[in-house]
Amino acid sequence: MSIEVQNINKRFGQFQALKEINLHIQSGELVALLGPSGCGKTSLLRIIAGLESPDTGSIVFHGEDVSTHDVRDRNVGFVFQHYALFRHMTVFDNVAFGLRMKPRRERPSEKVIAEKVHELLNLVQLDWLADRYPEQLSGGQRQRIALARALAVEPKILLLDEPFGALDAKVRKELRRWLARLHDEVHLTSVFVTHDQEEAMEVADRIVVMNKGVIEQIGTPAEVYEQPASEFVYHFLGDANKFSVDGADPVLFRPHEVDLDRVSTPGYHAGEVKDIRLLGAVTRVTLKTEGQDELIETEVAKDHASLAGLRKGETLYFRPRV
Amino acid sequence: MSLATLKGNTRRRGPAGLVLIILAWIIFGLILVLPLYIVVSQGLQRGFVTFWEAISEPDAISALKLTLLATAISVPLNLVFGLAAAWCVTKFEFRGKSLLVTLIDMPFSVSPVVAGLIYVLLFGAQSWFAPFLNEHNLQIVYAVPGIVLATIFVTFPFVARELIPLMEEQGTTEEEAARLLGANGWQMFWHVTLPNVKWALVYGVVLCTARAMGEFGAVSVVSGHIRGLTNTMPLHIEILYNEYNIVAAFSVAILLLAMALVVLLLRQWSEARLARQLDVKDDH
């Protein structure tokens, strides 16, 4: 089911949370709303879900304007940042909740509900936790139960608010790969909010970069990374160096977009080595150049020829590859 | 100093600790146990038969009935009001919210006598509403409705005060989740909100009941002290005492005390359950 966001504006008191937001999400797509905190991404997600109402504009699901529809009638699955599992219910009852709340004539029998719940718990690989209470689960398990609960009512759209935000780094990595695979299996139109560019790049088909209530750029991970529409997008999607020679317009380049050499070469600039850090497969060398306070960060393969025997305080020559 | 000696020191109480504990027991005995003992011994000094006669005479029975009636009406009403007030204050944002919270607390800060007077001034013979009440032959002050109203007023904050902090801490996301999963307002309340505050609600109701049964000041002002008609148990005890009918006064006091003890046990039980619920949350 496609989602059309048209001319959405939203104010909280004096604060303009969203300005003229227009966005088209295709059926089956997995889209990330990416931006720093306070950029309006969560507000937009909540407006799509119907938890907040916009001041102007409309939300259209598959050609049908749902702006005036109540939360209950939009048929969206929603996963909260802190999961919002019902604390007094078992995992089973949490997942069964949506089915049990259906009007009597649509409600499946308890037997059918039980089958469906176990099917979903198997999908998230946690069937063995059915009788536990949320407080007995780890963060990653709660996250997957929240997802199973959202999927139980067979939503046409899945919305996730910072789905990995509260997890530790390793679980987060596993879970986001798992989510991407799950999306390939169930193929729901999915939108998730994140402030982590790596997460957005790894999981999403398309990324919507937001800042201060407006959309800065919409594109595939490759597009927003390679052809950023603004300096904000460039900076937000990865580490960046700003380097200007003799008062000319500064060039922007990423730490790995650089050539290094130990000897002075035409087109290369001198920098004093301030720091050398081995980061697994790559090594980061921090350089200080004449006439610029901002340090330059470069990253090259750890066996790069220019690194052999390099010490702090030596001079290294670099050329931005732009 | 090694850890072992430190531990040994804390286990072996010093003389100061011993003195404090003995002092605590003495104070406990003097201001709690001794008065209780006196009430019970005075009530029973002429034997169980006299005690039984004092609590089974018609005026005492009618005072007991009136106390139970006032409690039975005011507690359920305050359960509903308190729940509604707590819901409204914690789940919605609106202008004048802090004023409303202050107003909920007002019965705690207003003297019960003043609270009683408010009702006399509102519904008494010289009040604005007097012509209307006379016309429809309604009696509020110096009658059962006044007693119930006064009891509701003084016990109003108990339920809301217990619920507000808990509901504030729990926030609204579980309710939002329920709505997103298709629950209507009633289902959301019944399956999500209510179970989450269940023990705090029980605790609030117990406190409310204890206060409703024991209320003296406000009820005294609006009751008019008509024997067999508008006397609650605390008022009945006062009248008996003022008539130097000490044995009967203490006999009825024993009964009121017994009722309070039942409520106290309920309180202990609900408090333990509530503490367990909060504990579980604190772990995460």
Side-chain angles (χ1 to χ4, degrees), chain A residues 12-13 42 45-46 48-52 69-89 93-104 106-107 133-139 142 145-155 157-161 166, chain B residues 83 86-87 90-98 162-163 165-204 269-284:
Chain A
F12 294 107
T42 295
L45 195 77
R46 288 173 63 85
I48 295 173
L51 290 170
E52 307 270 0
H69 288 195
D70 187 69
V71 190
R72 301 171 55 210
D73 305 323
R74 293 204 187 182
N75 200 13
V76 298
F78 197 100
V79 177
F80 288 86
Q81 185 174 7
H82 298 289
Y83 326 125
L85 293 175
F86 304 127
R87 66 193 90 196
H88 62 280
M89 292 184 202
D93 291 335
N94 262 284
V95 179
F97 186 86
L99 297 170
R100 287 179 178 157
M101 290 306 115
K102 283 181 186 289
R104 185 151 289 164
E106 294 169 34
R107 196 186 308 160
Y133 283 86
E135 76 231 10
Q136 297 168 301
L137 309 182
S138 70
R142 284 183 216 185
I145 297 303
L147 195 58
R149 182 178 71 175
L151 293 175
V153 287
E154 295 180 356
I157 288 163
L158 184 62
L159 306 174
L160 307 104
D161 185 10
Chain B
L83 199 54
W87 175 283
T90 55
K91 310 281 173 178
F92 299 96
E93 284 301 323
F94 55 91
R95 229 173 246 269
K97 189 163 132 170
S98 56
E162 275 309 307
L163 292 181
L166 183 66
M167 287 170 87
E168 218 148 53
E169 195 207 308
Q170 290 179 343
T172 52
T173 49
E174 281 185 48
E175 274 87 4
E176 284 181 347
R179 303 268 291 146
L180 283 156
L181 290 166
N184 61 35
W186 174 249
Q187 287 173 317
M188 173 184 76
F189 174 74
W190 188 252
H191 293 288
V192 176
T193 309
L194 197 56
N196 276 346
V197 300
K198 189 167 56 184
W199 292 111
L201 189 64
V202 170
Y203 186 56
W269 173 70
S270 63
E271 201 177 32
R273 299 297 293 255
L274 182 63
R276 204 180 313 160
Q277 191 186 357
L278 289 174
D279 261 2
V280 160
K281 230 176 22 247
D282 287 348
D283 284 349
H284 295 271

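Lettering of chains follows the sequences in order, A, B, ..., and the numbering in each one begins at 1.
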B/Glu176 and A/Arg46, any side-chain heavy atoms less than 4.5 Å apart: yes
Distance, nearest 0.5 Å, that separates CE of B/Met188 from CZ of A/Arg72: 10.0 Å
Spacing of NE2 belonging to B/His191 relative to CE belonging to A/Met89, to within rounding of 0.5 Å: 7.5 Å
Max heavy-atom pair count under 4.5 Å with chain B, selected residue of A/Phe97, A/Tyr133, A/Phe78: A/Phe97
Shortest non-hydrogen contact from A/Ala84 toward B/Ala177: O-CB, 4.0 Å
4.5 Å side-chain heavy-atom contact, A/Arg87 and B/Gln170: yes
B/Asn196 side, atom CG; A/Phe86 side, atom CZ - distance, nearest 0.5 Å: 9.0 Å
A/Leu51 side chain reached by B/Leu180 side chain, heavy atoms, under 4.5 Å: yes
Part of A/Val76 lying under 4.5 Å from any heavy atom of chain B: both
Heavy-atom contact with chain B under 4.5 Å, split by part of A/Leu85: backbone
Reported CE-to-CG distance for the pair A/Met101 and B/Leu181, which is rounded to 0.5 angstrom: 9.0 Å
From A/Asp70 atom CG to B/Arg179 atom CZ, the distance as rounded to the nearest 0.5 Å: 4.5 Å
Nearest-0.5 Å distance that lies between atom CD in B/Glu174 and atom CG in A/Asn94: 8.0 Å
Segment of A/Arg74 engaging chain B (4.5 angstrom heavy-atom cut-off): neither
